[in-house]
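Shown next, in structure tokens, is the structure this report addresses.
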2 protein chains.
Amino acid sequence: MREEPDIARVASLVGDPARANMLTALMDGGALTASELALEAGVTMPTASSHLAKLVEGGLLTLQRQGRHRYYALSGHHVASMLETISGVAERVGPKRARPGPRDTAMREARICYDHLAGDRGVALYDSLLSRRILALRDDTVEIGPKGQAFFDELGIDLGSLSGQRRPLCRSCLDWSVRRSHLAGALGAALLETMMERKWARRDPQSRAILFSPAGKQNFERLLRG
Amino acid sequence: MREEPDIARVASLVGDPARANMLTALMDGGALTASELALEAGVTMPTASSHLAKLVEGGLLTLQRQGRHRYYALSGHHVASMLETISGVAERVGPKRARPGPRDTAMREARICYDHLAGDRGVALYDSLLSRRILALRDDTVEIGPKGQAFFDELGIDLGSLSGQRRPLCRSCLDWSVRRSHLAGALGAALLETMMERKWARRDPQSRAILFSPAGKQNFERLLRG
DNA sequence: CGCATGGTTCGATCCTTATCGAAGCATTGA
DNA sequence: TCAATGCTTCGATAAGGATCGAACCATGCG
């Protein structure tokens, strides 16, 4: 009948509250065990197990056995991207919250998306790198621009080893607030990692927010200006 | 409890096959009546009516009464974008189709997304405009670049009147094949309109595909090269 | 081996929701 | 005013699927 991709199948997988909670919990790109996810979703283990089986069967999650633990993770960037986009719509059409809580604000400012920086800072970084020709849009993808090699050398990020990986070096990822993008891919991950190593920022253990220290903010701003 | 947007609510709206069919039918940005959508979804009118009420209530569709007809349309670009992204995931994780039919190929090459050009040609156009500095990424959004005014003047597109509209002039929209973007917004719509007016291409009445004529293809390629 | 822990499978229950026929409301046209 | 069209509401039915307790498998540890 229809030749088009079966979007209802995917959407209905995300459409159950328990599963949506699980997926959201995995948005930071990490892997969690079945019991952790059960807790996260607020259901008992049999229920969680059933949901997880469906998510794996549906291709949204991958499963890795380790001893008697089973670790579940998002099956890729595309899933994280999709969840972000759905979040964006839910934000707009959802009930306007009276006032966004402090954690909400922090998430908007900077958060981890799979394995790279998202939120206002992520977008600002991406735009800055593009406008300074450190990155460049070419053909289909984001690429290293003319000023890129020098920039990343100075940061101590080795482009050679990164581009050897199987995953794409650069990718853009749509943000919550739909019309902005931020940098994903191996390079996006490496940038975030560098910032964390230098203690510019740390993760909020309670959420996906990335909390910048005052000094970290200054360093980050300097990075943006070049 | 959770501060995050309620993605399950939105996803479950899309997760019903009948509703998904309706939404897909509206992906071309047009408006359809309740009975047309019922037909499209393959359900009777009472069922369709119930679904449509939910979609409006959920903020995914808007309703416009005209006489004894009720026209439903996507409530905005963000909804179209979301559907494209979900399609992208469904494509990847879905059952590998034996061989894509001819219409499927046409859709991939060029199709209408809400009101602008998507697919390979849409992506190619977007990239070309960016690399030739006709468009530029700056701060948060896509903007007119240094070479833009002249380019659009020559095409007979009046940027002044377009930017007067309430909707953003430029936007990027994530494509099916997730890592590419194409141009949306008022300008994206105007570009597609221009090409249709000049008979470079026409819509396939059976699908969302855009069919280029041989001459249209050449003109389009010339447009890309500058 | 025996026991604890992590996880799945099974079966029963229950709730949600998609569905449609029939009746009702609204708008148009005669 | 009456009839026709477009759509919604109501009520009943049915089906899907989310949930959990109990029993069952597997791995690791003493």
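Atom set for the values below is all heavy atoms of this structure, side chains included, hydrogens, waters and symmetry mates excluded. Just so we're on the same page: letters track the sequence lines, and every chain starts at 1. Since the model is a prediction, treat every value here as computed from it, not as a measurement.
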_Tell me whether A:S207 contacts the main-chain N or O of A:D204 through its side chain, where contact means a donor paired with an acceptor under 3.5 Å._
no

*Does B:R65 put a side-chain nitrogen or oxygen below 4.0 Å from OP1 or OP2 of C:dA26?*
no

*Once each nucleotide of nucleotides 3-8 of chain C is scored for protein heavy atoms under 4.0 Å, what B/S/- sequence comes out, 5' to 3'?*
-BBSSB

_Side chain A:S49, main chain A:M45, donor-acceptor under 3.5 Å_ = no

_How many whole angstroms separate atom CG of B:L39 from atom C1' of C:dC20?_
16 Å

_When you measure from the side chain of A:S75 to the backbone of A:G59, do you find a donor-acceptor pair of N or O atoms at a distance under 3.5 Å?_
yes

_B:D28 and B:R203 ion-paired at < 4.0 Å_ = yes

*Within a strict 4.5 Å, meaning less than it, do heavy atoms of the A:V79 and A:L26 side chains meet?*
no

*asked:* Under 4.0 Å from a heavy atom of chain A: give me the 5'-most and 3'-most nucleotides of DNA chain D that qualify.
replied: D:dA18 to D:dG28

*Which word best sums up how the rings of B:H116 and B:H182 line up, parallel for under 30°, tilted for 30 to 60°, or perpendicular for over 60°?*
tilted

*Toward the 5' end of DNA chain D, which comes first, B:T47 or A:G67, by nearest nucleotide?*
B:T47

_As an exercise, state the distance from CG of A:L61 to CG of A:L74, rounded to the nearest 0.5 Å._
6.5 Å

*asked:* Are B:M82 and B:V10 packed together at the side-chain level, in the sense that at least one heavy-atom pair is separated by less than 4.5 angstrom?
replied: yes

